Participant: 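Have a look at this one before I ask anything.
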Amino acid sequence: MAHICRQLIGVGGSCAGWVGLIFATATNDWVRTCDYSMATCLRIDELGAHGLWAECRVSPTLYNCEFLDQTFSLPVYVLVSRALMISACLLGVPAILLVLMSMPCVRLPTNYSATIKKRRTQAGGILFIIMAVFGTIATVWYPIGSNKDKKLMSFGYSLYAGWVGTGLCLLGGVIILYFQVALITSPSRENSFFYSRRSGTAREAEPPSNHAKSERV
């Protein structure tokens, strides 16, 4: 039961992290730039909100965005961050499917053994960790590159969502992999043997109901 709860926690955390990465990729408030103080920038409409897809001007009465459609003229850090975040979002689909298909409550056809379920769980956990690595690189490199191009004033809610999503994906992937390692290293009676004093030979262990009967004999 503890293993199942641990796997559910890993799956839930990874799914929440995936949603956070999607939200960060789709929104355009990664960093905010300004050459003056916050109050001055809001008064003269000089506060800029920058994301992967648009650059916006923020003021008390106006929120105007200009989409970044000139792909080949964009800085390298924007293009790489786009590619990494899109890849992380796309990897979430097979990762979640692999982990869900390996849940103990999911019944697969008889030709699928427990080994295949274990391998699917491991593959799903590794994909979640790769998503976390992609998200970490994108959410760290983007503000550094923005600070070099413009005067970085603060981080936006999109960047915080990306950091939270990255952390949840990493935590969920580690929990899923640890759950699988714990199952592999736990003792099993499937291939165990017991020694008979009377015959002096080792025989394969029987199910628990029959084992007590053989001891009385």
Side-chain angles (χ1 to χ4, degrees), residues 9-38 41-42 46-59 63-99 122-178:
I9 293 173
V11 173
S14 300
C15 291
W18 182 45
V19 173
L21 291 177
I22 294 176
F23 178 82
T25 305
T27 52
N28 292 302
D29 194 10
W30 280 51
V31 295
R32 296 194 171 189
T33 59
C34 182
D35 295 330
Y36 312 100
S37 64
M38 176 70 77
C41 290
L42 289 175
E46 285 292 335
L47 181 61
H50 303 270
L52 299 178
W53 312 102
E55 293 183 353
C56 304
R57 289 294 174 183
V58 182
S59 68
Y63 193 88
N64 185 26
C65 294
E66 179 182 355
F67 290 97
L68 304 176
D69 51 0
Q70 301 295 330
T71 304
F72 296 102
S73 62
L74 294 176
V76 176
Y77 69 90
V78 177
L79 297 177
V80 175
S81 298
R82 279 184 180 182
L84 290 174
M85 293 300 290
I86 292 175
S87 300
C89 294
L90 294 178
L91 285 176
V93 177
I96 291 178
L97 291 178
L98 286 171
V99 175
Q122 291 173 346
I126 292 173
L127 286 179
F128 280 123
I129 294 177
I130 294 175
M131 290 167 56
V133 173
F134 285 175
T136 301
I137 297 174
T139 54
V140 170
W141 191 5
Y142 188 91
I144 293 175
S146 298
N147 190 37
K148 291 181 179 180
D149 287 348
K150 312 170 187 69
K151 185 178 179 181
L152 181 63
M153 186 171 185
S154 63
F155 301 136
Y157 62 85
S158 301
L159 196 63
Y160 288 115
W163 284 337
V164 172
T166 297
L168 289 176
C169 285
L170 179 61
L171 180 62
V174 170
I175 291 176
I176 291 172
L177 286 180
Y178 175 77

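For clarity, every value in this text was computed on a predicted model and none was experimentally measured.
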Participant: Just grab all the salt bridge (Lys or Arg N to Asp or Glu O under 4.0 Å) pairs involving residues 19-30, residues at least two apart or on different chains.
Facilitator: Asp29-Arg32
Participant: Between Thr27 and Ser158, what is the shortest heavy-atom contact and its length?
Facilitator: OG1-OG, 2.5 Å
Participant: With a 4.5 Å heavy-atom cut-off, do Pro94 and Leu127 have their side chains touching?
Facilitator: yes
Participant: Output, in order, the C-alpha distance, side-chain angles, deciding distance and verdict of side-chain contact (heavy atoms from CB on, under 4.5 Å) for Val78 and Arg82.
Facilitator: CA-CA 6 Å; Val78 177; Arg82 279 184 180 182; 4.2 Å; yes
Participant: Considering all heavy atoms of both residues, which atom of Gly92 and which atom of Trp18 are nearest to each other, and what is their separation?
Facilitator: CA-NE1, 3.5 Å
Participant: So, taking the atom named SG in Cys89 and the one named CG in Leu84, what distance separates them when rounded to the nearest 0.5 Å?
Facilitator: 11.0 Å
Participant: Taking all non-hydrogen atoms of both residues into account, name the closest pair between Ser14 and Gly10 and its distance.
Facilitator: OG-O, 2.8 Å
Participant: Can you measure from OG1 (Thr166) to CG (Leu159) and round to the nearest 0.5 angstrom?
Facilitator: 9.0 Å
Participant: Restricting to non-hydrogen atoms, name the atom on Phe155 and the atom on Pro143 that form the minimum distance, rounded to 0.1 Å.
Facilitator: CE2-CB, 3.8 Å
Participant: Please determine whether side-chain contact (heavy atoms from CB on, under 4.5 Å) holds for the pair Leu52 and Trp30, giving the CA-CA distance in whole Å, both sets of side-chain angles, and the decisive distance to 0.1 Å.
Facilitator: CA-CA 8 Å; Leu52 299 178; Trp30 280 51; 3.5 Å; yes
Participant: Hey, could you give me the CG/CZ distance between Leu91 and Phe128, rounded to the nearest 0.5 Å?
Facilitator: 10.0 Å
Participant: Given Leu21 and Phe134, is the side-chain contact (heavy atoms from CB on, under 4.5 Å) satisfied, shown in steps?
Facilitator: CA-CA 10 Å; Leu21 291 177; Phe134 285 175; over 6 Å; no
Participant: In this structure, which one of Leu168, Thr136, Thr139 forms a side-chain contact (heavy atoms from CB on, under 4.5 Å) with Trp163?
Facilitator: Thr139
Participant: Would you say Trp53 and Thr25 make side-chain contact, with heavy atoms under 4.5 Å?
Facilitator: yes
Participant: Restricting to non-hydrogen atoms, name the atom on Cys169 and the atom on Gly17 that form the minimum distance, rounded to 0.1 Å.
Facilitator: SG-C, 3.5 Å
Participant: Supply the atom-to-atom distance Gln122 CD to Ile176 CD1, rounded to the nearest 0.5 angstrom.
Facilitator: 11.5 Å
Participant: Starting at CD1 of Ile130, measure out to CD1 of Ile126 and round the result to the nearest 0.5 Å.
Facilitator: 7.0 Å
Participant: Minimum heavy-atom separation for Gly124 to Leu98, with atom names?
Facilitator: N-CD1, 4.0 Å
Participant: So, the side chain of Tyr142 versus the backbone of Gly51: is there a donor-acceptor pair under 3.5 Å, distance only?
Facilitator: yes
